[in-house]
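The block underneath contains the structure these notes are about, expressed in structure tokens.
Basis for what follows: all heavy atoms, side chains included, without hydrogens, waters or symmetry-related copies. Counting convention: from 1, in listed order, for ligands and their atoms alike. The first residue of the sequence shown is numbered 1, and numbering continues consecutively from there.
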Amino acid sequence: MYAEIIVDIAVEAVDRVFTYAIPEGMQLQPGMRVEVPFGRMKKEGFVIRMKETPDYDPEKIKCVLSAPDTYPVLLPQLMALAEEIREKYHCPLCEAIRLMLPAQMRGNRVKIKTEEQVRLIISQDLVDEAIAKETRSKKRKLILTLLSDGAMHPLEELRAMVKDVRPALNYLQEKEIIEIVSVETMRSPYTGRVEEATERQLTPEQDEALCEMLPALNRPQKPFLLHGVTGSGKTEVYIRLVKEAVRQGKGAIILVPEIVLTPQMIQWFKSRFGDTMAVLHSRLSAGERFDEWRRIRFGNARIVIGARSAIFAPVENLGVIIVDEEHEQSYQSQSFPQYDAREIAFMRSKREKAVCVMASATPSIYSYAMARRGDYTLLEMPHRILNRPMPKIHLVDMREELRLGNKTMFSRALQEKLDACISSGQQAMLFINRRGYASSVNCRKCGETIRCSRCDVSLTYHSWDKTLRCHYCGAIIPMPEKCPSCESTYIKPMGTGTQKVEEALNKMYPSAGVIRMDMDTTSEKNAHFDLVNQFRAGKAQILLGTQMIAKGLDFPLVTLVGAVMADMSLNFPDYRAAERTFQLLVQVAGRAGRGEKPGEVVIQSYQPDHYALQCAARQDYRSFFAQEFDRRKKSLYPPLTMMVRFLCDAREMETALATAEEIKNRITCRFGNTPLWRRILFIRSDEAPISRIQERARAQVLLKLLNHPDTDQLIAAMQEMAREEYPAHTVLEINPVSLA
Ligand code: ADP
Ligand code: ZN
Ligand code: ZN
């Protein structure tokens, strides 16, 4: 017999199967991992197919060396998915396969954990006799008595009860009365007690959504987009759907953003599904990850909850895929191949006939557009559970505050409400979105943000040379002295950060206690959980933080939420700035009033008239979508087009730029005279917005492509180009999360 094998080398030239002979006595199946000779090296590979006869000279065919596992590590449906990923993302098959295995499995870098166990091997009726006869050693008598129940006993357990147990065991083993075997065990990341959850009556809205989804378990349907406001009880709907799938003997994958995957969330699911659930996220140790993966692969765990890469979990007979907070950027992978977990969810659900549910309080423009076009089925839960009111939202015009002489970062409204909240012993959350490298420039008088004349994005302030730059077309202008629209000289880069706010709060409320959560305070492994738990336990009255605190957290005692600089993210040089600002504000506002007491939200803004803020304040998703989609259509931004970029980095900027220039020229030469050229709306090469990162100079070729069926040919050609050797290291990005 022969096997067609894909060798684990990520080079385009090797992206095909190789035929190997299977030695006598080796049992192989498709999906199994093997070791094979490749050139002069020994390489890992995967069996794709078995064959009776080779298609070339059998004399020249080499033999498979070994098979490290006894089972296929790749399920047939995941092998097929890997093929689909190769087509879709234009990557070598082995890179697609790598996505599906725990990283440490490759090259056997993680070992199976074993434990020694002991049991009797004489028949039950001889046991009593053996115990009676054992008069010379009390230890052996005790061991036999312990083992007389016929069960396997961990050696550790015997050791705890019998001092210096080993010689006695060895003796009994030699006499063939007992055997000591080594048994595989699993590392479990979550032991500890789990509370039993009480079954709740679904609200009519929850029930309706669930009833729409259930039939899809038996009859393949389009994906669902579940648009449910914050606090509408989406999680309960997921749980019911998964329960029904399990009842039908099917499995489920629930994707959540990494940051939302808190111990609290995991406990919640564990309380419903116990040990049949596995958890996959980046904080697990390599060993834990490997064991969770094996529990899934062997069917011990049928429900998987995890971050992005859990979409590749080897769940057999998959019934449900849920993508919670589907608008999150973290579903898009930043490393090659740059897959989007939502896209994979879609591909996988189609192939495996599973129900696919994308859910969010603020669906991405892309998904909502899909739903509107009829590609997804839209389900809505417009109210909070138990008729809890949506929080009351006040939109404060900070220009007005300035006009009245208030130059602090807190408006009078926020100040008053904070005072009241703190003095009545309640909790408040303050959100300040300070992220990124340089801020935009705003006029404090008229609220205008300085924008590029050629693109629909704001300019970015670069402090080292005091210029304003457009990150889309490359325009550079000196920092103006006056506001271009009202001539006020009070124009400034916006730059208040969390630390500055923390200082102010500590002065204002010396005894309230302030917890700050941002990149700087959460760098240690469990800092994030510790801070959250401190706040939940009431150790502080104010939680201050970046977007880290905006999502998923459920603090029932929080009655006031403040967005200190709500429009900061609006000025990021990115066409998605309005979408992200809207999503963030709706999510932030959703943190208020989750308990018995109603919540209030103060949104402070210099651009309160902007539709992203107006719609967020009204919690009006539909109106936001309509305006944003219209703007994208007019300016030809995704989802109507695709942004594609080659990022070239090198030690010297000259090298990086030369490579970018070369790629641009090659694209122009190759497609300039073909019909495909019309799909390229623009192409340019220049320095990347961040021209240097970690001592590497960065240049780019930026393209905007029209979405059209034949655009895929362009992408395929560019993927190929990106894989060639250049003086500068080059990667291709498609609709990247960041264009910095
Ligand atoms: P979402 O994810 O939609 O923001 P959650 O799923 O977090 O909302 O639910 C909000 C709160 O409502 C949670 O505390 C949850 O325990 C509670 N909840 C959900 N469904 C019900 C129900 N049917 N009856 C009572 N409480 C519920
Ligand atoms: Zn102005
Ligand atoms: Zn521009």
Side-chain angles (χ1 to χ4, degrees), residues 194-214 224-244 252 254-273 305 320 322-328 330-331 357-364 367-368 378-391 393 427 429 431 532 535-536 547 549-559 561 582-599 601 616 619 621:
V194 165
E195 293 163 44
E196 196 52 44
T198 46
E199 195 77 332
R200 276 186 295 222
Q201 185 83 30
L202 290 186
T203 64
E205 270 180 20
Q206 286 173 323
D207 195 47
E208 205 172 305
L210 183 64
C211 287
E212 289 276 337
M213 293 173 191
L214 286 177
F224 295 97
L225 176 63
L226 176 61
H227 175 210
V229 299
T230 54
S232 58
K234 294 186 286 295
T235 319
E236 192 66 34
V237 177
Y238 308 158
I239 288 172
R240 295 299 180 96
L241 180 63
V242 171
K243 273 201 153 168
E244 180 54 26
I254 301 140
L255 294 188
V256 291
E258 185 82 45
I259 195 126
V260 176
L261 204 54
T262 56
Q264 186 200 8
M265 172 94 166
I266 292 166
Q267 286 289 321
W268 201 15
F269 272 88
K270 278 256 156 176
S271 71
R272 304 298 186 89
F273 298 113
I305 177 165
V320 174
I322 293 164
V323 185
D324 187 30
E325 314 273 4
E326 69 83 29
H327 62 277
E328 282 286 320
S330 64
Y331 287 124
V357 182
M358 314 269 178
S360 174
T362 52
S364 60
S367 296
Y368 205 80
L378 183 64
L379 301 175
E380 301 197 286
M381 301 206 298
H383 303 101
R384 284 191 161 176
I385 55 122
L386 305 177
N387 294 323
R388 279 186 191 144
M390 291 303 284
I393 300 179
Q427 286 187 314
M429 282 168 79
F431 168 76
V532 165
F535 188 62
R536 193 186 306 281
Q547 56 260 54
I549 66 166
K551 295 153 200 168
L553 298 172
D554 187 35
F555 299 115
L557 297 179
V558 168
T559 54
V561 166
F582 174 80
Q583 285 166 346
L584 213 50
L585 288 177
V586 171
Q587 297 286 347
V588 170
R591 299 311 110 210
R594 294 177 77 86
E596 315 262 292
K597 293 211 179 85
V601 180
Q619 302 266 313
Y621 179 83

- Can you tell me how far CD of Gln619 sits from OG1 of Thr362, rounded to the nearest 0.5 angstrom?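 Reported value, rounded in 0.5 Å steps: 10.0 Å.
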- Message: Using salt bridge (Lys or Arg N to Asp or Glu O under 4.0 Å), reason through Lys234 and Glu325 one step at a time and then give a plain yes or no.
- Response: CA-CA 10 Å; Lys234 294 186 286 295; Glu325 314 273 4; over 6 Å; no
- Residue list, ring-ring contact (aromatic ring centres under 6.0 Å, His included) with Phe555, at least two apart or on another chain: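 If we apply the ring-ring contact (aromatic ring centres under 6.0 Å, His included) test to Phe555, skipping adjacent residues, the hits are Phe535.
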- Worked verdict on Ser367 versus Glu326 for side chain to side chain donor-acceptor pair (under 3.5 Å): CA-CA 8 Å; Ser367 296; Glu326 69 83 29; 2.7 Å; yes
For a distance cut-off of 3.5 Å, show me each N or O of ligand 1 paired with any protein N or O, plus the separation.
from     : atom 1 : to     : atom 2 : distance (Å)
ligand 1 : 3 (O)  : Ser232 : N      : 3.3
ligand 1 : 3 (O)  : Ser232 : OG     : 3.4
ligand 1 : 3 (O)  : Gly233 : N      : 3.1
ligand 1 : 3 (O)  : Lys234 : N      : 3.0
ligand 1 : 3 (O)  : Lys234 : NZ     : 2.9
ligand 1 : 4 (O)  : Gly231 : N      : 2.6
ligand 1 : 6 (O)  : Lys234 : N      : 3.4
ligand 1 : 6 (O)  : Thr235 : N      : 3.1
ligand 1 : 6 (O)  : Thr235 : OG1    : 2.7
ligand 1 : 7 (O)  : Arg594 : NH2    : 3.4
ligand 1 : 8 (O)  : Gly233 : N      : 3.2
ligand 1 : 16 (O) : Arg200 : NH1    : 3.1
ligand 1 : 16 (O) : Arg200 : NH2    : 3.2
ligand 1 : 20 (N) : Gln206 : NE2    : 2.9
ligand 1 : 23 (N) : Gln201 : O      : 2.8
ligand 1 : 23 (N) : Gln206 : OE1    : 2.9

- Task: Could you give me the CA-CA distance, side-chain angles and deciding distance for Glu236 and Arg240, then say whether salt bridge (Lys or Arg N to Asp or Glu O under 4.0 Å) is met?
- Result: CA-CA 6 Å; Glu236 192 66 34; Arg240 295 299 180 96; 3.5 Å; yes
- Message: Can you confirm whether Val323 sits close enough to Tyr331 that some side-chain heavy atom of one is under 4.5 Å from a side-chain heavy atom of the other?
- Response: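 Heavy-atom side-chain distance check passes, below 4.5 Å.
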